[in-house]
There are 2 protein chains.
Amino acid sequence: MILTKNTAESIAAHLRLSILRGDLKSNEPLRQDKIAEELGVSKVPVREALVQLKAEGLVTLYTNRGAFISALTAAEASEIYTIRIALETVALEAAIPHLTAPILMQAENILRVMDVETDTARWNELNWDFHAQLYQAAQMPRLISILEPLHMNVARYLVLYLKNLGFQATSQQEHYAILQACRDGNVTQAVGLLRQHLLSASTTLATFLMSET
Amino acid sequence: MILTKNTAESIAAHLRLSILRGDLKSNEPLRQDKIAEELGVSKVPVREALVQLKAEGLVTLYTNRGAFISALTAAEASEIYTIRIALETVALEAAIPHLTAPILMQAENILRVMDVETDTARWNELNWDFHAQLYQAAQMPRLISILEPLHMNVARYLVLYLKNLGFQATSQQEHYAILQACRDGNVTQAVGLLRQHLLSASTTLATFLMSET
DNA sequence: AATTGTATAATCGTATACGATTTATTGTCA
DNA sequence: TGACAATAAATCGTATACGATTATACAATT
């Protein structure tokens with residue numbers, strides 16, 4: 001019943017983290033033999049992992065040419081945020097009635113850790129943890145499984161921008177505001193704040209991607 | 001640059017169609033050896049196809065136990081429709097300003113074919129073709145790639161219900177109404193009609209899934 | 001009769017091997 | 001020198017083989 005991680009899933013998790021952490025950059029080729037050798041496995045599970053990552057949009061597969069880290073255009077980033085806004089507002093709206101004290105406490109704890117986290121990649125992970133912590137109360141696992149790869153797709157670019165400015169500070173203010181609205185059970189305000197939060201991240205990323213040629 | 005269909009993708013397409021057409025029923029096991037033998041290939045590409053279908057939610061993989069056609073509970077079906085409503089209304093809204101005469105014509109042609117189509121499985125495919133025809137004008141490929149498997153997940157159950165009642169007739173009326181609103185460029189009405197259209201399908205499926213014990 | 005244990009069969013997961021395709025390199029000719 | 005063909009190298013895609021895991025059948029025990 002429990003699905004123990006097999007080799008392919010472990011490889012996928014490893015590659016996912018490498019992409020999120022920026023160790024693997026956009027358009028970089030992922031050589032099956034090389035990955036297999038590095039991890040001490042054969043190509044077959046590596047290929048299965050790549051198929052999985054392709055479904056998540058993190059890599060692009062070209063037949064007989066191999067796998068490459070997907071690059072995001074400004075238009076694609078904008079599309080992802082449009083989707084995220086549509087889905088995350090639904091998730092939060094559905095979640096708020098089911099938020100309990102322990103959930104809110106845990107969400108706040110994540111924010112407190114983020115306040116003092118200096119590693120941007122780690123901060124990025126915690127960022128999603130905070131959002132996911134709230135959304136999971138909606139009891140919509142498929143919705144979350146759709147959101148997760150969308151988040152990762154933009155997060156790996158945002159992480160490059162994080163160190164630049166006061167993005168993290170602004171973001172944290174918005175997080176605390178959203179959390180407070182959730183505590184108050186104010187659905188309209190919480191959803192509105194979340195939309196603004198995502199929109200500001202969207203424009204930040206858009207300008208960043210534009211500047212990159 | 002062009003991605004020619006490799007063996008795994010062909011197998012995935014074949015299995016997808018078998019699931020949609022109801023040849024493979026819920027909870028039915030998918031034996032890798034059997035599929036490989038039937039299609040005259042080895043297990044490796046079959047496994048890659050199964051990983052792909054798992055990502056689409058059509059099959060569930062248990063480690064060392066194999067693949068099974070995913071079964072849908074009433075709650076999961078409801079969740080899928082919640083997601084679809086959120087995304088498809090966004091898609092239609094974004095699409096309407098870009099709808100051209102040829103697109104509208106093609107959409108109407110699909111509806112005309114559906115009017116006289118007796119094979120429910122084929123009708124089901126055309127149903128998605130109609131919606132996708134409109135959505136594609138939104139220029140949001142990732143949104144459509146998310147919607148497609150969601151549609152297939154519920155369509156394979158709806159097809160069982162189609163023959164029963166005047167579901168198809170009602171559905172077609174709604175389709176024509178949506179199309180007309182699109183022609184008029186009336187975004188509010190089109191989106192409202194679409195929401196109603198999906199909601200009625202959702203309740204239809206919910207009652208059907210409830211009746212199945 | 002129900003339950004536990006064991007042997008056997010079925011099935012899965014992955015390493016290895018090899019042919020097919022693409023990419024890089026070299027060499028030839030205008 | 002530059003374009004282009006031929007060859008070599010790298011890489012991919014898939015079949016085969018085999019150990020590992022799980023399911024099944026049946027005997028032994030309580």
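Residue numbering restarts at 1 for every chain, and letters A, B, ... go by the order of the sequence lines.
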Could you tell me the separation between the [atom1] atom of [X] and the [atom2] atom of [N], rounded to a whole number of Å?
| X | N | atom1 | atom2 | answer |
| --- | --- | --- | --- | --- |
| A/Phe68 | D/dT11 | CZ | C1' | 10 Å |
| B/Glu9 | D/dG13 | CD | C1' | 12 Å |
| A/Arg47 | C/dG13 | CZ | P | 17 Å |
| A/Glu48 | C/dT14 | CD | P | 7 Å |
| B/Gln52 | D/dG13 | CD | P | 14 Å |

- Using a strict 4.0 Å threshold on nitrogen-to-oxygen distance, state whether B/Glu125 and B/Arg21 make a salt bridge. yes

- Message: Quick check on D/dA23: is either OP1 or OP2 less than 4.0 Å from any side-chain nitrogen or oxygen of B/Arg65?
- Response: yes

- Compare side-chain N and O positions of A/Arg31 against OP1 and OP2 of D/dC12 and report whether any pair is under 4.0 Å apart. yes

- Message: With no hydrogens and no angle check, just 3.5 Å: does a side-chain donor-acceptor pair link B/Gln172 and B/His175?
- Response: yes

- For B/Gln52 and B/Glu48, test the side chains for any donor-to-acceptor distance below 3.5 angstrom and give the result as yes or no. no

- Quick one: label A/Leu50 by what it contacts on the DNA or RNA (base, sugar-phosphate, nothing), any heavy atom closer than 4.0 Å. nothing

- Just checking B/Ile11: base, sugar-phosphate only, or nothing, at a heavy-atom cut-off of under 4.0 Å? nothing

- Between A/Asn64 and B/Gly66, just flag the one whose closest nucleotide in DNA chain C comes earlier from the 5' side. B/Gly66

- Message: If I take atom CZ from residue A/Arg16 and atom CG from residue A/Leu53, how far apart are they, to the nearest 0.5 angstrom?
- Response: 5.5 Å

- Message: I need the A/Leu205 CG to A/Ser200 OG distance, nearest 0.5 Å.
- Response: 11.0 Å

- Message: Would you say CD of A/Glu38 has more than 12 non-hydrogen atoms from neighbouring residues, nucleotides or ligands within 6.0 angstrom?
- Response: yes

- Within residues 32-43 of chain A, residues whose heavy atoms come under 4.0 Å of DNA chain C: A/Val41, A/Ser42

